[in-house]
K.L.:
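Take this structure, written in structure tokens, and hold onto it; I'll ask about it next.
Hydrogens, waters and symmetry mates play no part in the numbers below; they use all other heavy atoms, side chains included.
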Amino acid sequence: MPLFFLPVYVMSQINYKELSPDDFEQIIALGNHVHGDGYLDNANILNWYNKGLKNNINSGFVAYDGEKLVGFRITFAVGNWDIDKWSSPNKWQVPQGSVCYFKCNTVDENYRGYGIGSELLTRSITAAIKQGAKAGVSHLWKQSPGNSAVKYFTKCGGELVQSHPDKWREDALNGYDCILCGHDCHCEAAEMIIYFS
């Protein structure tokens, strides 16, 4: 099949659903492949999944092509995440208790550029609003190829709050194997926010 037909084929075959424990095995495999070994394991995916649940609403979503997981979005509900030294709530322009956290958006490299990440984000925003969020914050990986993570989030309405050098260094020193830096990660995060109204 010619390459220029692929987007239509891919988009017609993608099924989206709420994230569930049944997805964990494939999420761990895809997350570690894309972000580096040690990024996800059984303990933290369960923790992250639970942080996305509030008021019987799930803010996490997955995308499948048949039986194959090709993308996932993990979002922490308002009140279900800790604001740490890497966050700047004094710059958010909304009360910190009304902000969800976009933890992770991951799409298989063979399925990028077809709007899957944007669709996952849109679904998470819809759920987060129902959970009481007025905005969502994320830390985007500035060293992603071509700075694609920041470009994608900006295209979806994200605004830069602040940059944070060495955001993932502590994780790397504790076993995360950054795909660029190994266990001495010096990658920089762009703290960004999307306002929902």
K.L.:
Output yes when a side-chain donor or acceptor of Ser98 lies under 3.5 Å from a complementary backbone atom of Val94, and no otherwise.
P.N.:
no

K.L.:
Are more than 12 heavy atoms, taken from residues, nucleotides or ligands other than Lys130, located less than 6.0 Å from that residue's NZ atom?
P.N.:
no

K.L.:
Please confirm whether the backbone N or O of Asn44 pairs with a side-chain atom of Tyr49, one donor and one acceptor, at under 3.5 Å?
P.N.:
no

K.L.:
Taking CG in Asn90 as the centre, count heavy atoms belonging to other residues, nucleotides or ligands within less than 6.0 Å. Is the count above 12?
P.N.:
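Atom CG in Asn90 is crowded, with more than 12 foreign heavy atoms closer than 6.0 Å.
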
K.L.:
Mark yes or no for whether Asn55, through its side chain, and Ile57, through its backbone, hold a donor-acceptor pair below 3.5 Å.
P.N.:
no

K.L.:
Would you please name every residue forming a ring-ring contact (aromatic ring centres under 6.0 Å, His included) with Tyr64, sequence neighbours left out?
P.N.:
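For Tyr64 there are no ring-ring contact (aromatic ring centres under 6.0 Å, His included) partners, ignoring immediate neighbours.
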
K.L.:
Looking at Phe76, I'd like to know if the NZ or CZ of Lys51 sits under 6.0 Å from its six-membered ring centre while staying within 45 degrees of the ring's axis.
P.N.:
yes

K.L.:
Apply the test side-chain contact (heavy atoms from CB on, under 4.5 Å) to residues Arg112 and Tyr152: give CA-CA distance (whole Å), side-chain angles for both, the deciding distance (0.1 Å), then the verdict.
P.N.:
CA-CA 11 Å; Arg112 292 179 194 157; Tyr152 143 78; over 6 Å; no

K.L.:
Using a 3.5 Å distance criterion without hydrogens, assess whether the side chain of Asn32 forms a donor-acceptor pair with backbone atoms of Leu40.
P.N.:
yes

K.L.:
May I ask you to decide if the ring planes of Tyr101 and His139 are parallel, tilted or perpendicular, using 30° and 60° as cut-offs?
P.N.:
tilted

K.L.:
Tell me, please, which residues at least two apart from Thr106 pass side-chain contact (heavy atoms from CB on, under 4.5 Å).
P.N.:
Leu30, Val34, His35, Phe72, Cys104

K.L.:
Measure the CZ-OG distance between Arg123 and Ser118 for me, rounded to the nearest 0.5 Å.
P.N.:
12.5 Å

K.L.:
Decide if atom CD of Gln162 counts as having more than 12 heavy atoms of other residues, nucleotides or ligands within a radius under 6.0 Å.
P.N.:
yes

K.L.:
Could you tell me the separation between the CG atom of Asn15 and the CD atom of Glu67, rounded to the nearest 0.5 Å?
P.N.:
9.5 Å

K.L.:
Given side-chain contact (heavy atoms from CB on, under 4.5 Å), test Met192 with Ser138 step by step and report yes or no.
P.N.:
CA-CA 5 Å; Met192 300 184 74; Ser138 188; 5.6 Å; no

K.L.:
Please check this pair: side chain of Gln26 against backbone of Leu69, looking for a donor-acceptor N/O pair closer than 3.5 Å.
P.N.:
yes

K.L.:
Which value, rounded to the nearest 0.5 Å, describes the distance between His164 atom NE2 and Leu140 atom CG?
P.N.:
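These two atoms lie 11.0 Å from each other.
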
K.L.:
Indicate yes or no: at least one non-hydrogen side-chain atom of Lys103 is less than 4.5 angstrom from one of Thr75.
P.N.:
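They are not in side-chain contact.
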
K.L.:
So, does Glu119 use its side chain to make a donor-acceptor pair with the main chain of Tyr16 at under 3.5 Å?
P.N.:
no

K.L.:
Does the Asn105 side chain pair with the main chain of Leu120, one donor and one acceptor, at a distance under 3.5 Å?
P.N.:
no

K.L.:
Please tell me whether Trp92 and Glu191 have a donor and an acceptor in their side chains that are separated by less than 3.5 angstrom.
P.N.:
yes

K.L.:
Under the rule for side chain to side chain donor-acceptor pair (under 3.5 Å), what residues qualify as partners of Ser59, not counting sequence neighbours?
P.N.:
none

